[in-house]
Amino acid sequence: MSKRRTHSPEFKAKVAMEAISGRKTLQETAADHAVHPIQVSHWKKQLLEGASDLFTRGKKTQAKDESRAKEAELFQQIGKLQMELEWLKKKSQLL
């Protein structure tokens, strides 16, 4: 039995871009890169479907970074409030 080959995302993108360009047929592109033509058509389809996400990714990562910063700030406030609560418990026991 042969072992499955794994291809890097860069290789897949390169092959899919060649398929989209239309200079060669899918079969010729597949033969040039030693992959099956159906695989080339799947990569081409994935590239075309995911192309719109490339332009919205910046907004998603910016929102994600903002939410992480907000989360870190909230955890810091929680820690501060817990320390104050412990301090107040100690002082109330002394009184």
Side-chain angles (χ1 to χ4, degrees):
M1 250 192 314
S2 64
K3 189 174 181 180
R4 286 187 179 211
R5 291 185 298 171
T6 56
H7 301 287
S8 68
E10 293 82 16
F11 176 78
K12 293 177 183 179
K14 178 183 170 186
V15 173
M17 289 298 293
E18 283 184 31
I20 290 171
S21 71
R23 293 185 196 129
K24 298 179 183 178
T25 64
L26 287 177
Q27 288 75 16
E28 291 172 338
T29 305
D32 289 345
H33 297 286
V35 293
H36 199 275
I38 293 176
Q39 189 66 57
V40 174
S41 66
H42 285 297
W43 292 342
K44 177 182 172 183
K45 184 179 178 183
Q46 286 177 338
L47 180 64
L48 291 173
E49 288 175 354
S52 62
D53 292 339
L54 295 173
F55 298 105
T56 60
R57 187 174 302 158
K59 293 178 184 177
K60 288 181 182 177
T61 56
Q62 184 180 16
K64 191 181 241 186
D65 290 342
E66 289 176 1
S67 67
R68 285 184 182 167
K70 182 70 173 173
E71 183 180 350
E73 181 183 334
L74 291 173
F75 278 125
Q76 185 178 7
Q77 286 179 350
I78 289 170
K80 182 180 176 184
L81 290 172
Q82 285 178 336
M83 287 179 61
E84 288 177 1
L85 179 63
E86 292 298 320
W87 183 81
L88 287 172
K89 282 181 182 178
K90 278 185 180 180
K91 292 299 179 182
S92 67
Q93 287 176 356
L94 294 176
L95 294 175

**Report entry** Contacts of Lys91 that satisfy side chain to side chain contact (heavy atoms under 4.5 Å, CB included) - sequence neighbours left out
**Finding:** Trp87, Leu94
Query raised in the report: Is it true that atom CD1 of Ile38 has more than 12 heavy atoms of other residues, nucleotides or ligands lying nearer than 6.0 Å?
Result: no
Requested in this report: Could you name each residue pair satisfying side chain to side chain donor-acceptor pair (under 3.5 Å) that touches residues 34-49, not counting sequence neighbours?
Outcome: none
Query raised in the report: With clusters built from Ile, Leu, Val, Met, Phe, Trp and Tyr whose side-chain heavy atoms come within less than 4.5 Å, directly or transitively, what are the remaining members of the cluster of Met17, listed by chain and number?
Result: Ile20, Leu47, Leu48
Report summary line: Grouping ILVMFWY residues whenever side-chain heavy atoms fall under 4.5 Å, the cluster of Ile78 otherwise contains Phe75
Query raised in the report: Measuring from Gln76:CD to Lys80:NZ, what's the distance to the nearest 0.5 Å?
Result: 8.5 Å
Requested in this report: Quick one: list whatever passes side chain to side chain contact (heavy atoms under 4.5 Å, CB included) with Gln77, sequence neighbours left out.
Outcome: Glu73, Leu74
Query raised in the report: What residue pairs, at least two apart or across chains, pass salt bridge (charged side-chain N to carboxylate O under 4.0 Å, His left out) with a residue in residues 18-28?
Result: Lys24-Asp32
**Report entry** Results of side chain to side chain contact (heavy atoms under 4.5 Å, CB included) for Lys89 - residues two or more places apart only
**Finding:** Leu85, Glu86
Query - For His33, ring pair (Phe, Tyr, Trp, His ring centres under 6.0 Å) partners two or more places apart - result: Phe11
Query raised in the report: With Gln93, which residues qualify under side chain to side chain contact (heavy atoms under 4.5 Å, CB included), at least two apart?
Result: none
**Report entry** Test side-chain hydrogen bond (donor to acceptor under 3.5 Å, both in side chains) applied to Lys14 - qualifying residues, sequence neighbours left out
**Finding:** none
